[in-house]
**Q** 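Quick one: the structure is below, and I'll ask about it shortly.
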Amino acid sequence: MEPTCARTRQCRSRSATHRPPRQGCGMNGMGPIRRYTPVVILGAGRSGTNLLRDGLTRLNGVATWPCDEVNYLWRSGAKRFPTDEFTPSMATPAVQRRIVAGFDWVARRYGAKWVVEKTCANTLRPGFVNAVLPNARFIHLTRDGFDVTASAMKRWTAPIELRYLAKKARFVPLSDLPYYASRYLLGHARRRFSEDRALRSWGPRFEGIEELRASNSLAVVCATQWRRCVDVATTQLAELPSHRVYSLTYESLVNDPARSLKRVADFLEIPTTDQLTGEFAKSIRPGSVGAGKRSLSESDIATIQPIVHAASHRFHAA
């Protein structure tokens with residue numbers, strides 16, 4: 001079972017009547033934006049990015065969107081682009097304005113000094129994110145490849161949660177809604193007739209994902225997805241100044257959550273207390289560490305082992 005964190009922050013439970021700015025909409029009447037720091041959490045899907053975000057939003061002055069991810073916002077102007085591997089050149093002034101407006105909305109709505117975002121697809125495009133938010137701080141979270149693969153395989157075959165999609169749909173530019181709605185309906189229809197009843201695509205879309213999905217097992221696809229996320233994020237983040245990037249492992253986060261959250265907060269210059277980090281620690285269940293090899297078949301483990309080991313050298317699991 002994946003570890004969970006109680007989402008107690010007021011900023012994550014606001015009423016749906018508080019609608020975000022749509023493309024072309026202003027934010028008059030909401031008051032001035034206070035100066036804030038964008039915080040971008042990067043990690044492959046099922047690497048604990050939700051857990052870290054929820055830990056940070058327990059701290060005073062930290063806020064995020066009232067939904068899980070805002071990939072639709074990040075894909076402003078690129079809804080038909082086939083992958084999530086954007087280049088910095090795609091961060092045009094118009095695209096930058098739309099995305100920054102989303103961050104401004106969170107900062108203004110909740111009076112935040114730190115705005116946290118954790119869309120997993122950004123792990124495939126740190127250079128693009130940096131071009132959009134040149135003052136952002138990055139937290140790179142990595143997790144054991146076998147554990148991620150096993151957990152991701154469950155998401156590929158899990159039932160679609162309409163309530164989850166509805167929360168994310170609030171942040172889709174109105175002009176893009178018909179496109180994404182049609183894609184959802186088509187994907188749902190295809191899934192009903194597929195042999196493994198898995199989604200056509202889930203999580204960060206890397207180059208070649210559809211071809212790989214058509215000719216390989218789901219375990220290979222998920223392991224490759226994890227590896228691509230680790231490789232791209234590590235390579236592109238290395239090009240940024242070290243004072244803007246902090247790296248940690250999922251294993252260290254769940255094995256010593258209070259200390260890990262304190263260190264991330266110190267890096268971001270967010271004031272914290274032993275009480276707040278202690279409350280976060282009480283919400284953690286570390287039982288998922290090592291669960292991948294316990295749940296994967298021997299055949300899947302043998303097949304994906306070369307894929308996982310090829311990227312594991314880039315970080316050290318605690």
Side-chain angles (χ1 to χ4, degrees), residues 38-50 52-53 69-92 95-96 99 116-134 136-149 151-153 155-156 201-213 216 218-242 244-250 304-317:
V39 178
V40 179
I41 299 175
L42 300 178
R46 313 309 294 171
S47 291
T49 54
N50 284 12
L52 180 56
R53 176 206 56 207
E69 294 192 345
V70 289
N71 195 33
Y72 299 125
L73 175 64
W74 288 104
R75 294 187 68 87
S76 296
K79 63 178 182 289
R80 297 184 185 276
F81 196 76
T83 75
D84 289 312
E85 298 193 40
F86 296 0
T87 62
S89 63
M90 295 172 67
T92 64
V95 167
Q96 185 180 31
I99 297 174
V116 179
E117 210 288 304
K118 50 78 53 188
T119 294
C120 290
N122 283 337
T123 311
L124 292 176
R125 55 191 181 220
F128 168 83
V129 176
N130 179 61
V132 172
L133 301 169
R137 295 288 189 94
F138 293 87
I139 310 297
H140 187 202
L141 185 62
T142 50
R143 184 184 180 188
D144 175 78
F146 292 105
D147 287 349
V148 169
T149 297
S151 184
M153 289 174 67
R155 298 311 307 165
W156 277 73
S201 179
W202 177 88
R205 289 180 56 80
F206 58 90
E207 293 182 6
I209 187 172
E210 292 193 3
E211 294 81 1
L212 193 68
R213 179 77 180 94
N216 286 272
L218 185 56
V220 168
V221 175
C222 292
T224 304
Q225 185 182 56
W226 167 84
R227 174 182 172 179
R228 183 65 180 162
C229 288
V230 171
D231 286 346
V232 172
T234 303
T235 299
Q236 294 189 15
L237 288 175
E239 300 175 359
L240 300 181
S242 60
R244 293 182 56 204
V245 181
Y246 184 89
S247 300
L248 76 159
T249 66
Y250 170 87
I304 69 174
Q305 186 163 336
I307 301 172
V308 172
H309 284 177
S312 293
H313 71 279
R314 287 182 172 269
F315 66 93
H316 302 284

**Q** Does the pair Asp84 and Arg75 meet the rule for a salt bridge (Lys or Arg N to Asp or Glu O under 4.0 Å), with working shown?
**A** CA-CA 8 Å; Asp84 289 312; Arg75 294 187 68 87; 2.7 Å; yes
**Q** For residues Ala219 and Thr149, report the shortest heavy-atom separation together with the two atoms involved.
**A**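 Answer, listing the atom of Ala219 first, then Thr149: O-CG2, 3.6 Å.
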**Q** Hydrogens and angles aside, do Ser151 and Arg46 bring a side-chain donor and acceptor to less than 3.5 Å of each other?
**A** yes
**Q** Return the minimal non-hydrogen interatomic distance between Arg125 and Trp74, and the atom names on each side.
**A**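 Of all heavy-atom pairs spanning Arg125 and Trp74, the closest is NH2-CB, 3.3 Å.
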**Q** Mind checking the CG-OG1 spacing from Leu248 to Thr142? Nearest 0.5 Å is all I need.
**A**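 The CG atom of Leu248 sits 7.0 Å away from the OG1 atom of Thr142.
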**Q** Which value, rounded to the nearest 0.5 Å, describes the distance between Thr224 atom OG1 and Leu212 atom CG?
**A**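 If we round to the nearest 0.5 Å, Thr224:OG1 and Leu212:CG are 5.0 Å apart.
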**Q** Can you tell me how far SG of Cys120 sits from CH2 of Trp202, rounded to the nearest 0.5 angstrom?
**A** 6.5 Å
**Q** Would you check if Thr83 and Leu124 make a side-chain contact, meaning some heavy-atom pair closer than 4.5 Å?
**A**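 Answer no - side chains too far apart.
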**Q** Does the ring center of Tyr246 lie less than 6.0 Å from the ring center of Phe138?
**A**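 Centroid separation for Tyr246 and Phe138: 6.0 Å or greater.
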**Q** Can you list the residues that meet the side chain to side chain donor-acceptor pair (under 3.5 Å) rule with Arg228, with sequence neighbours excluded?
**A**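 Partners of Arg228 by the side chain to side chain donor-acceptor pair (under 3.5 Å) criterion, ordered by chain and then number, come out as Glu85.
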**Q** Which value, rounded to the nearest 0.5 Å, describes the distance between Lys118 atom NZ and Ser47 atom OG?
**A**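 Reported to 0.5 Å precision, the distance equals 9.5 Å.
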**Q** To the nearest 0.5 Å, what is the distance between OG1 (Thr123) and CZ (Phe206)?
**A**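 Nearest 0.5 Å value for the OG1-CZ distance: 13.5 Å.
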**Q** Could you walk me through whether Glu210 and Arg205 pass the side-chain contact (heavy atoms from CB on, under 4.5 Å) check?
**A** CA-CA 9 Å; Glu210 292 193 3; Arg205 289 180 56 80; 2.9 Å; yes
**Q** In Å and rounded to the nearest 0.5 Å, what is the CG to SG distance from Asn216 to Cys222?
**A** 11.5 Å
**Q** Output all residues satisfying side chain to side chain donor-acceptor pair (under 3.5 Å) with Ser242, sequence neighbours left out; order by chain, then residue number.
**A** none
